[in-house]
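Reviewing the structure listed below.
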Number of protein chains: 2
Amino acid sequence: MSHTLGIRQVQKQKTRQALLDAALGLLEEQSLSSLGLREVTRAVGVAPTAFYRHFRSTADLGVALVEEALGSLHPMIRQTVATAEDSDQRIVRAVRLIADHVDAHPAHVRFLARERHGGVQPVREAIRDQLARFAEEVKAELAKDPESGGWNDSDLLMLAHLYVDQMLITASLFLEARETSDVEHERERVTRLATRQMRLISVGRRHWLG
Amino acid sequence: MSHTLGIRQVQKQKTRQALLDAALGLLEEQSLSSLGLREVTRAVGVAPTAFYRHFRSTADLGVALVEEALGSLHPMIRQTVATAEDSDQRIVRAVRLIADHVDAHPAHVRFLARERHGGVQPVREAIRDQLARFAEEVKAELAKDPESGGWNDSDLLMLAHLYVDQMLITASLFLEARETSDVEHERERVTRLATRQMRLISVGRRHWLG
DNA sequence: TCATCCAGTTAACAACTGTTCTCCGGAATT
DNA sequence: AATTCCGGAGAACAGTTGTTAACTGGATGA
């Protein structure tokens, strides 16, 4: 049972979302640590002081963006790892899913890649924690696979982190591909590269024991 | 035969280096896109206008920092991949070399990890180009290995990029470990993780063909 | 209906930014 | 010895920043 929000709270959420969207747009050409509060409110069309009704600071807004960005990534990762059938087909599909996600949410992906090692500590920590949770999820999915017989938890988590990092690297490459002159060709190149890298890791996984 | 520089050029290089060092220090707690020109000159103790005698902008300074940071990383990567003997021993040594490099040049590593996907385009490009050159170097070393029989250039480069990315991820983890309460324990944990990940990739490499 | 609440506004603050122009004093050149 | 060169200093510019305080008006709840 969802509590119906008054038109007051609805308006507040609307401008809050407008602030997040505007910030995400501005962050395509700069880092969070240089994002100004006034810059964001100006883009939305509200007074600078309205910002404080929603966020304590731009760093606080950044943490909110982490939730949003990784929230949209959440179902994608599930879908990537879960589907079984042939191993090679799974990799091909995973890479395509990553490419599609980058096309659907380029700004979110850019934000995560940029701020994962960025200059704002709370945001870095938020991303690190969320990625760790993703790795746990991936590990749980990997554990279901019959190919994981004889693997201990530590090794499974190690592999999960390898996959998660590889996904982010691949996503970042697809992002760069979008800024190329020959977009289609570059996307193809990245697809081939990422597929082979994933495949090599999978080969390593298959022969890990013994 | 090195041309002896006049005391004028020597002084210029000295303040230039001071600017680079000060910037590197300031960048431990922020990103390049928020680094102010006056901020840097203030830290060095020179007039703001002196900055223009050395760099066109802070972005220009950033590109210079890329050269410096990857220059110090250059010999390390050579040493990492080159030494042959037992395969497992090579991995163990490589991880230790990375750890030592992070301890020796933490600010450089932080700068590269942060600005690789950062908000300043020319710096991103400079890092990308340099890393591509490193991957070419790694590929050349891998080609010497008898284990690379039957590998084509494309696959070798694919593997080289995998190794380079893995090195950067590992370096970044060692960097984060330094900011932990239990530094020694965390460093140990990262060492074990990175070693196993490298090992898995090597297993994949060994069984890649056929 | 009336008092309360509260998202957003307006105005003002000191502090800061990048950039230009003019100048200085010592090194470099002739 | 005389002249040129040039890294750095100084002052001033318009424009920006985060933050504070007091205020407005429409939604909210009694």
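Order of the sequence lines fixes the chain letters, A, B, ..., with proteins taken first and strands second; residue numbering starts at 1 for each chain. Quick caveat, the model's predicted, so the values are computed rather than measured.
For A:Leu35 and D:dT16, the CG to P distance is 16 Å, given to the nearest whole Å. In this structure, A:Gln9 atom CD and C:dA7 atom P are separated by 8 Å, rounded to whole Å. One can place NZ of B:Lys14 at 13 Å from P of C:dA27, the figure rounded to the nearest angstrom. Taking atom CG on A:Leu19 and atom P on C:dA7, their separation rounds to 13 Å, with Å as the unit. As a whole-Å value, the separation of B:Gln11 CD from D:dC6 C1' is 13 Å. Rounded to whole Å, atom C1' of D:dG8 lies 11 Å from atom NZ of B:Lys12. Between the CZ atom of B:Phe51 and the P atom of D:dA9 there is a distance of 14 Å, given to the nearest Å. Atom-to-atom, CD of A:Gln13 to C1' of C:dA7 comes out at 13 Å; the value is rounded to the nearest Å.
Ring pair B:His108/B:His105 is parallel by interplanar angle, where below 30° counts as parallel and above 60° as perpendicular.
Here A:Leu159 contributes atom CG and B:Leu200 contributes atom CG; the two are 6.0 Å apart, rounded to the nearest 0.5 Å. Here the straight-line distance linking atom CZ of A:Arg178 with atom CZ of A:Arg187 works out to 7.5 Å at 0.5 Å rounding.
Closest approach to the B:Ile7 side chain among C:dG18, D:dT19, C:dA28 is made by C:dA28 (side chain taken as heavy atoms from C-beta onward). The side chain of B:Arg8 lies closest to C:dA27 when the candidates are D:dA27, C:dT10, C:dA27. Among D:dG7, D:dG18, C:dT19, the nucleotide with an atom closest to any side-chain atom of B:Leu37 is C:dT19. The side chain of B:Thr49 has D:dA11 as its nearest neighbour among C:dG25, D:dA11, D:dG8.
No hydrogens or angles were tested; on distance alone, nothing pairs the side chain of B:Arg53 with the base of D:dC6 as donor and acceptor under 3.5 Å. Not a single donor-acceptor contact under 3.5 angstrom links the side-chain atoms of A:Arg42 to the base of D:dT16.
Counting any heavy atom pair closer than 4.0 Å across all strands shown, A:Thr15 reaches sugar-phosphate atoms only and no base atom. A:Ala47 comes within contact range of at least one nucleobase, with a heavy-atom separation under 4.0 Å.
Exactly one residue among B:Leu162, B:Ile98, B:Val92 makes a side-chain contact (heavy atoms from CB on, under 4.5 Å) with B:Met198. That residue is B:Ile98.
In this structure, a donor-acceptor pair under 3.5 Å is present between the side chains of A:Tyr163 and A:Ser202. In summary, the side chains of B:Glu68 and B:Gln17 do present a donor paired with an acceptor at a separation below 3.5 Å, with no hydrogens or angles considered. Using modelled atom types and a 3.5 Å distance limit, the side chains of A:Ser154 and B:Arg196 yield a donor-acceptor pair.
Using five terminal pairs a side, the axes of the helix from C:dT1-D:dA30 to C:dA12-D:dT19 at its two ends make an angle of 10°, given in steps of 10 degrees.
Residue order along DNA chain D, read from the 5' end via each residue's closest nucleotide, puts B:Gly45 first among B:Gly45 and A:Tyr52.
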